[in-house]
Structure formats: structure tokens, C-alpha cells
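Chain naming here is simple, since letters A, B, ... match the order of the sequence lines and numbering starts at 1 in each.
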Amino acid sequence: MALTPPAERLWWKEPIEAVELFWVAIALVWAIVMFIMMPYWHVYGKQNLSSEAYRTTPEMYTQKVQAMVDKYTIRTETARNMPVVRAPAGADIYMLARLWEWYPALELEKGQTYRLHLSSVDWQHGFSLQPENINVQVIPGYEMVMKITPNKSGEFSVICNEYCGIGHHTMIGKIYVK
Amino acid sequence: MANTAEFRTCPDTGLLFHKPAETLMKLNAVAGIVFLALGGVLGLLMGLTRWPTVHLLQADSFYMLLTAHGLSVLIFWIIFFEIAVLYFTSSTLLRSRLATPRWAWLGFALMVVGSITTMVSIFQGRSSVMMTSYVPMSAEPHFYLGLILFAVGALIGCFVFLGTLVIARAERTYGEGSIPLVTFGALTACIIAIFTIASGAIILIPTFLWKIGYINHIDPLMYRILWWGMGHSSQQINVSAHIAVWYAVMGVVFGARPLSEKVSRSAFLLYILFLQLASAHHLLVDPGIGTEWKIFNTSYAMYLAVLASMIHGLTVPGAMEAAQRKRGFNKGLFEWLRKAPWGNPSFAGVFLSILIFGFLGGISGVVMGTEQINLIIHNTLYVPGHFHATVVGGTTLAFMALTYWLVPVLFRREIIFPSLSKFQPYLFGIGMAGFCLFMMGAGTLGVPRRHWDISFSGAIFGHQFPETAYLLLGLTGISVILAVIGGGLFILQIVGSVFFGKRRGETRGPVPLIAEPVAPGLHGIGIGGISVPGTLVLALVFLTAFILYYFVNWKYLSQVWGLG
């Protein structure tokens, strides 16, 4: 049995059961199907994570975000005067993660595609768009660019889902889709 | 063979114990169970804090104790117990002396000092960095130092295991040929442990040096890649170890033989070759890593490690079915299963472990490890839902099952409350299964992991999660209570038995502790030429559930915003 050495002196000389071969064949086919689904979705699916990313620094990234905020802010919200930015469709839009806020809030148009840039200027954060439930890791020093196309209108929250210290659970931002 | 005075033959099982090895097995298992008890209490506090209507702890204690919970169970409990398993599968199963018991003692001492150092740093309150301790967030230096010492100790344990295999072979203690399958599984776990510890050293040593000021920058993405080489791989040690335990318990309870040695062992070899790549799962939504790299690695080189787990999923219950059928339970599809000893905690624990690991942990793990599907799951509560199914429902339950058997064999004590052991595995298993399902459900609705307050009170903006999410968190809390009662009863039972159980003495007890091995070969059992038809049906049910759930998730993904 399994606690004692095999009957044959060398295990690879032991015979194989037919039922096992059958199952291995089915499982292998399923493994191949699952493997193919990923490249398939890159070609035919509409939700793929981009692999476009750049090295950056907190100073460089803050400057780019601020330039967008200065140019396209349409109003401010909340006691902290969080700018709400509405950039033209197709534009590069930025969101900056820091302890403990997402800066700024964005306003987008449904059905349009934008190039969303994400980076952190301090610790790691997690971009979690709710209630869509799209989740992306945000890492300081790396600026990720993903093309987003909102397909619903409404108010969306960006919560942080990578633990980032004691204020983690208050880190929340907004994206409005008109 | 060395001095025979150093050996003891177990009168019930005929196993030969090398006394220095036996002492080390006991100590490692006990240290593990201490951390399991601590982790269980902390787990209860976590569950009661994430249950919104209870919301027990304050934020700072929640994050501190969550860090302590993760390390005490995910690392310390499991690795201490695994070292005990390594010594058992080498020294005891091969009837050999343990290589260099002094080094094994040193390893144990380092693991104890290391684990206590890290736990102290956490309870001092300035190392609430979670188990992952992602830079640039930093913990106190002794947080890293403790982990490094623990890892060095575990590495020594691995080499003592390998040394014991060499001695057993040189001294011909177990015959001429291959080692037993269970030892082979433990060897797989040991090899994986060695690369795991190497990855841990490559990242934790520089992080420690960074913290004390000798290195000025640790790249956070590089940290994640290397840290997960340890973080995920350490869970692959568990998979190999608990599957070895599954085979062992099937052997002990039923006298089962593997359907074929070749298939089961090849599946373990696939783990060695491919499981490491699983650490890529954690990096699927990270910036700066190429798509091809993600697909190749997450698919474990075309899912060859998943294939290995699917093979064990057939061969372990298959071995049991074959043994039961040969003992005469050969009627219909499932007589072998109906007539199983459901009140034997070693069997019940392993059977539940197979179900929870396969259906909940396995399927969810593969689904969320799909490159694109990870986008709708990463860092939500789904993730701890998944890994509690693998590590608690799978590994911990299997180790509990083995412990029920080890207490009389190793400690020579009777289990004190036999009627309790009839239902304890079910209480724990069902509690954990509910917990995992409800957390996965909440994660599907977007509830984040490692988060103290999903009502966002005091935040600048608000967000309202659906009512269902609150309901699921409440059910999670209730399941945690069930599981913790089940776990607490286990600790009570084992500690009680070790100290106060009736002594068995050195004579054979009335109830056999190990079944006679069944005869080899599968002739004359099964239905229509299929030797284990019941297991095959169960395996096909599993595959159907897997396929359906996999495509349901693609469907969910196809409905979210376009991303490219």
C-alpha cells in the first residue's frame, strides 16, 4: 500500500490502469481548452488587461496628473475640494493613488474610450472599480495605461483593495459616467 | 542499522520509530498545533470584525491581528506540522535512523525562535503589514529577521529529511527499490520547500537589509515577483504534503493501494516541474509584466500542475474504492462509499478535505488564475475564500485527520472523547466550506479583502455595497463561529488526549490502528470492466461543475466595461 514500497522494485515498471488513462486524457483536453481561452479572449474578447506600462517617479507622475487637473477641471466636490475632471473622449486621463485618496475624480462619457493612467506616489494600492468589480494593482514607480470603455452610465466608486495602512478603508474615489 | 536501543516498534502498526526522530515529530507537531490554536482564535476575531453588525475590533487591532493570523496559520502551523510529516515519512516509513538529530534540533530551535520573534514584532504593533509585507510599506527589522530564522530552520529540516533518505538507501532499511508513495509525495513537498525558501531568502534578506539601512531601494514589483515565489509556493508544499497524507490515510484506514504507482507518482513529478509557476497568479493585474509571460505562467505551462491535481482527485478516492470493493463492498456504483467508516475522524477528515480542496479550492483557484478573469476577482474577498478552501479545508483538515491517527501511534494514548471525534471533522469542514462559499460570494460582489469597514464611514465619498454583500458577510461570520468551534474541539481533543488519554502501553490494542493491505490487482471488481466506476462518476461530476463555473465567469467578465 501507499505506506510501503511498491511491489515492483522500480515504480516506473508498474502497470497503469485503463480508467486512469481515460481520465488523464480528458483532463488534458480540458487543460488545453482552458489554455486556449486566454489567447482567444485577447483576440475576440473585449476585456483584456493592457501590457502598456512605463517607469515613473512620484514627481513626474504628480506633474502629469496636475497638468490634466489644471486643464480640464469642471467642478470640485466634498469638503476637501476634490476636483472633478472631464477630459475629451479618447484623451489620456490620470488617476493618482496616495495615502489615502484617489486623485482626482473623473467624469467620462458612456461608450467612449479613454486611456486611463494609474500609479501610486507612496505605497501599493488596489484600484477596485465598484460595482463593476474591475480590479488592478497600483504600484509606485510604475505607470500603467489601460484603455477603458464604460458601457453603463452612473456613479462608480474606486475603492482601495490593497491594504495600505491604517486609513486604507477610507480611501475612496469617484468616476462618473454620463 | 544503528544502535537498536534507539528504536521502538509500535505494537499496533508494526511501524519502527527511531526515538530521536519520534521526539522531534512530537515537538514539531505540538508547536504546529499551538500556532493552529492561536491562529484559530485570531480567525474568530477576524470573522467577527468583518461581520458588519458585530464589527468587533478597532481598525488598528484588526490590521495587526490579521497580520498575526496570516503568519501563524499559513506559515507557522503548517510548516511545523510538515516538518513532523517529513520526519515520519522518512525515518518511520523507511525504518531508518534520522540523519543528524542534532541538526534537526537546531532547525527546530531556529523555527521556534524565528516564529516567536516575528509574532512579537507584530504584537508590538508596528509591523501591521499583512503577511505579504509589500514594500515600500515596512515592518520592524525583527519581523523580517524572525521569518528568515524560521526559514533557515525549515531548510535544515528539509536537509535532515533528504539525509535520512540517503541513509535509508545506504543501509538498505526498506528493501532495494523505490521508496513508498507517501514518502515520494513528501519528497516532492521537500523539493518544493527548498525552492520556496530560496525565493524567500532572495527577497526577505535584502528587505531586512533595506529596513536597517544598508540598501536604499527595493523595487516593489520585483518584490512581488520574488515574494510570491515564496508566498504561493509555500502553499504548494502544502498541496504535495496533504496529498501524501490523503494516500497515507487511505492506506491506514482501508489498506488501500494506489491504482497504479506510475500515475500517482508522475502526478507528483508534475508538481515539482510546474507548480512553482503558480506564483504568477498573484501578478496578473500588475503593471509592467507582459501578457505572454502571464499566460504561460498562469496556465502552469498549459495547466500541467492542474492536471496533476485532477489525477490525484481520481486516484485517491479510486484507491479507496478499489480497496472497499475488494473487501466485498462491490455492489452498484456507491456501496463502497455508503459503507465507509463515516464516524472515523481520519477517514471523514480526509474525505471532506478532498471534497473541499477539489470543488471549492481547486476550481476557484484555477478560475481566478485565468489571466482575464482575475480582473474581476483580484484582491476581493473571493481570494481568501479560495485559499481558506485549499489551506484550511484541504491541508488543515487532512492534517487533523492524520493527527487523530498519530495520537495513539506516536503518543501511545487513547483519544479521550471518541464520540466527539465522530462529528468534529464535519463541524469544522462544514463551517469552513460555508465560510469559503460566502466569502467567495461577497468577493464576486466586489467586497475587498483586508478591509476594516466596507461602509466607508468617515471617508470623503460614500459607497453602498448591495444588501446581499452584507448578508453574505453575516453568514461568513456565522460559519466562522461554527468552524472555530470545530477547530477548538479538535485542539481540546488532541491536547486532552496527549496529556490525559488512557495510556495504551506497549501491547497491541483491541481495535487495529492500521488495516491489512488489500491484495494487489484489480481483477473481479467494478462494473463492466471499469474497476472504479463510482470514482469515475464523481470525477465526471467534478469536471462538469468545473466547466460550468469556468464559463459562467467568462460570462460575468464579458459584461463589464471594455478594457484593452
Checklist entry - Within residues 150-173 of chain A, which positions have a heavy-atom distance to chain B below 4.5 Å? => result A:P150, A:N151, A:K152, A:F156, A:S157, A:I159, A:C160, A:N161, A:E162, A:Y163, A:C164, A:G165, A:I166, A:H168, A:H169, A:T170, A:I172, A:G173
Item to check | Interface residues of residues 56-65 of chain A facing chain B - heavy atom cut-off under 4.5 Å | outcome: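 The residues closer than 4.5 Å to chain B amount to none at all.
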Less than 4.5 Å to any heavy atom of chain A: does that hold for the side chain of [X], its backbone, both, or neither?
{"X": "B:A515", "result": "backbone"}
{"X": "B:F546", "result": "both"}
{"X": "B:L284", "result": "backbone"}
{"X": "B:A256", "result": "backbone"}

Checklist entry - Is it the backbone or the side chain of A:L116 that comes under 4.5 Å from a heavy atom of chain B, or both, or neither? => result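 Neither the backbone nor the side chain of A:L116 comes within 4.5 Å of chain B.
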[X] side-chain N/O to [Y] backbone N/O, donor-acceptor pair under 3.5 Å:
{"X": "A:E132", "Y": "B:W561", "result": "yes"}
{"X": "B:Q372", "Y": "A:M38", "result": "yes"}
{"X": "A:N133", "Y": "B:I376", "result": "yes"}
{"X": "A:Q47", "Y": "B:S558", "result": "yes"}
{"X": "A:E20", "Y": "B:V263", "result": "no"}

Checklist entry - Out of B:V252, B:T183, B:L181, which residue meets the side-chain contact (heavy atoms from CB on, under 4.5 Å) rule with A:L3? => result B:V252
